Protein chains: 2
Amino acid sequence: MLTKTKFYANAIEHQYERFRCGHCKVREHCLPSWMPDSEEGRIATLIDTERKVRRGDYLYRSGDSVQDIFAVMSGYFKVSVMSEDGREQITGFYMAGEFIGYDGIGVGIRFCNAIALEDSVVCPISIDNLNTQSIRVSSLRRFVTETSGQQLARAHRMALLLGKLSAEERLAAFLLDLSQRLQARGYSSTEFHLRMTREEIGSHLGLTFETVSRIFSQFQERGLIRVQKRYIQICDLVRLKMILGRAGQNVISVSADCDSASLQVRAG
Amino acid sequence: MLTKTKFYANAIEHQYERFRCGHCKVREHCLPSWMPDSEEGRIATLIDTERKVRRGDYLYRSGDSVQDIFAVMSGYFKVSVMSEDGREQITGFYMAGEFIGYDGIGVGIRFCNAIALEDSVVCPISIDNLNTQSIRVSSLRRFVTETSGQQLARAHRMALLLGKLSAEERLAAFLLDLSQRLQARGYSSTEFHLRMTREEIGSHLGLTFETVSRIFSQFQERGLIRVQKRYIQICDLVRLKMILGRAGQNVISVSADCDSASLQVRAG
DNA sequence: CGCACAGTTGATATAGTTCAAGGGCTGTGG
DNA sequence: CCACAGCCCTTGAACTATATCAACTGTGCG
């Protein structure tokens, strides 16, 4: 892929200097598989200098003006909406290759907070430039449509989870979702490290941290998982899926990335 | 506005033949106030024959391929996601001037069901045509961005409501939201007819219909509202807002329409 | 070392569900 | 026109899932 760029003319080659996507480890999760190689460079030209965000720092906060969407290159984020009296609903956790920052896009003002759960690096993609280029580049239009559609799908799955599932089912869905997304990134689907506290999990799933803790313990007693602090091992994937089974797989997210494999899963 | 069209040349005038927006009663809620008159016609050309949907019928269902988004001209809809075992989470109720059908847009396959709660009429807006025209017409691009952004905002507010609010707060939010949307449409903000059953309200708010009923009764006893079947009268708007007050106004929706007034509210 | 934070676990409380009964409205068919 | 069936809604009583409060453990950090 990278060698291919060598044949381009100067002007374009210059763009490729700034083209981090080619080197990027998460490129395959971030850019859709249907995107023609020849046009991947277009996206790269939209990317500003990559930005580092320290653990605990805000990537953006509610009320900020909307400039960019962000592709997570490395690290981990939580995104949340806050009620005026300080109740925090975490709308999602985001890992490498996923997109953050669709909130507030039409209005120009953020209504979510995005906070790094560990030292992270993001690619800021200028929305203005994205819109401008989209006029000419069909693959960019498709890219925008697809990724923003995924954000909405994710949000609707959350509504189903929050409105209809029991605590057990929510936790099962949560673990299976993580498992699936990690697997898609080449990590183990059965052993992983949680990046967030029990409280944050609870805040995401509409539960208290005590309930999260108890249900983890209960899952462990039942032999479904092993828990040691934040280290999780899924021992019985089948039975874990059965807990959710009655509710249906379509509750579990499929991440915010846009490779076609996950699109098929979601569609099914 | 309509007279203005008389000055246009034949080709354009022909488009205006199909331009229902000009006659449409809900035009001002449907089309954004920033949209220049000269370009409103563009949207009209995207609109197929208006479509009638009988009470109880599906506008579309999960699994359908995505062809159009729909502006509600008259009537009332519920949109829901279903779990595989039949649990229904209603993601929203939609009235005249609001848009339905952003679900599944990137993938091409619906994951929601849209059902008419009363005999209704919708404007189907072809997504293919919308995308094609958007390439040239900036106001259409902005229109798409804004309306889809609103869908996401709505979904995130729902997550906060479902994850963090008590039953009381949810019902208060629900009533205030309805009140506000009706007011924006020129109806009374303090007296209205619910179009949905208690069960559907419950399914939207993550409660059982008994709880909805009980809380309505309780609100009535407290002098906040009067309830007679589906007829609701808000007697004490201030105290009703106070119930939600601690949680914050930003929980209550601002509908899916895109007139700038509501955009300001949402931003605040 | 000691303090702050994350997590576990137990005891108790409670909001909301579930089950159950009854009433009122609406439409239908005899 | 009445009777009956099928919703929709209300209300009560009992139950239960989850929250709340509280005590305790381990762990990392200044």
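None of the values given here were measured: they were computed from a predicted structure. In the text below, chain A, chain B and the rest are named by the order of the sequence lines, each starting its count at 1.
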K.L.:
Tell me, do L175(A) and F219(A) make a side-chain contact under 4.5 Å, heavy atoms counted?
P.N.:
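Yes, side chains in contact.
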
K.L.:
CZ/R214(B) to CD/E221(B) distance, rounded to the nearest 0.5 angstrom?
P.N.:
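Rounded to the nearest 0.5 Å, the CZ-CD separation comes to 12.0 Å.
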
K.L.:
Between K229(B) and L207(A), just flag the one whose closest nucleotide in DNA chain D comes earlier from the 5' side.
P.N.:
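Here K229(B) is the residue nearer the 5' end.
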
K.L.:
Taking only distance into account, with no hydrogens and no angle test, what donor-acceptor pairs under 3.5 Å do side-chain atoms of residues 223-230 of chain B form with protein atoms, sequence neighbours excluded?
P.N.:
unit_1, atom_1, unit_2, atom_2, d
R230(B), NH1, R195(B), O, 3.4

K.L.:
Rounded to whole Å, how long is the line connecting atom CD of E199(B) with atom C1' of dT17(C)?
P.N.:
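Answer to the nearest Å: 14 Å.
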
K.L.:
Would you say the side-chain atoms of K78(A) pair up with the backbone N or O of A114(A), donor to acceptor, closer than 3.5 Å?
P.N.:
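Pair absent, no side-chain N/O of K78(A) close to backbone of A114(A).
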
K.L.:
For F209(A) and dA6(C), give me the distance from atom CZ to atom C1', rounded to whole Å.
P.N.:
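Value for this atom pair: 9 Å.
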
K.L.:
Round to a whole Å and report the spacing from CD1 of I201(B) to P of dG16(C).
P.N.:
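Distance, rounded to whole Å: 16 Å.
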
K.L.:
Before accepting this row, confirm whether a basic side-chain N of the pair D57(A)/R55(A) lies closer than 4.0 Å to the acidic partner's carboxylate O.
P.N.:
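Salt bridge between D57(A) and R55(A), a charged N being under 4.0 Å from a carboxylate O: no.
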
K.L.:
What is the distance, rounded to the nearest whole Å, between atom CD of Q220(A) and atom P of dT8(C)?
P.N.:
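Atom-to-atom, Q220(A) to dT8(C), this comes out as 9 Å.
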
K.L.:
Provide the start and end nucleotides, 5' to 3', of the part of DNA chain D that has atoms under 4.0 Å from heavy atoms of chain B.
P.N.:
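Counting from the 5' end, contacts occupy dC8(D) to dA13(D).
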
K.L.:
Give a yes/no answer on whether the side chain of S217(A) brings an N or O atom under 4.0 Å of OP1 or OP2 in dT9(C).
P.N.:
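Looking at the OP1 and OP2 atoms of dT9(C), one of them is under 4.0 Å from a side-chain N or O of S217(A).
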
K.L.:
Contact class for T197(B) (heavy atom, under 4.0 Å): base, sugar-phosphate, or nothing?
P.N.:
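Result for T197(B) = sugar-phosphate.
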
K.L.:
Tell me the interatomic distance from R170(B), atom CZ, to dT17(C), atom C1', rounded to whole angstroms.
P.N.:
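Distance, rounded to whole Å: 13 Å.
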
K.L.:
What is the nucleic acid contact for G202(A), judged by heavy atoms within less than 4.0 Å: base, sugar-phosphate only, or nothing?
P.N.:
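It contacts nothing in the nucleic acid.
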
K.L.:
Please determine, by modelled atom types, if S120(B) and Y76(B) share a side-chain donor-acceptor pair under 3.5 angstrom.
P.N.:
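There is no such pair (donor and acceptor under 3.5 Å, judged by atom type) between the side chains of S120(B) and Y76(B).
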
K.L.:
Could you give the CD-to-P distance, from Q228(B) to dG24(C), as a whole number of Å?
P.N.:
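Rounding to the nearest Å, CD of Q228(B) and P of dG24(C) are 15 Å apart.
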
K.L.:
Please confirm whether any donor atom in the side chain of E210(B) sits under 3.5 Å from an acceptor in the base of dC19(C), or the reverse.
P.N.:
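Indeed, a donor on one side and an acceptor on the other fall under 3.5 Å apart.
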
K.L.:
Round to the nearest Å and state the distance from L162(B) atom CG to dA15(C) atom C1'.
P.N.:
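Interatomic distance, CG of L162(B) to C1' of dA15(C): 16 Å.
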
K.L.:
Do NZ/NE/NH1/NH2 and the carboxylate oxygens of D103(B) and R110(B) come within less than 4.0 Å?
P.N.:
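Salt bridge flag = yes for R110(B) with D103(B).
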
K.L.:
Report yes if a donor N or O on one partner sits less than 3.5 Å from an acceptor N or O on the other, where the partners are the side chain of R230(A) and the base of dG7(C); otherwise report no.
P.N.:
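It does not, because no donor-acceptor pair links the side chain of R230(A) to the base of dG7(C) below 3.5 Å.
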
K.L.:
Tell me: CG of L117(A) to P of dA6(C), nearest whole Å?
P.N.:
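Nearest whole value for this atom pair: 12 Å.
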
K.L.:
Heavy atoms under 4.0 Å, any strand shown: does F216(A) hit a base, just sugar-phosphate, or nothing?
P.N.:
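No contact.
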
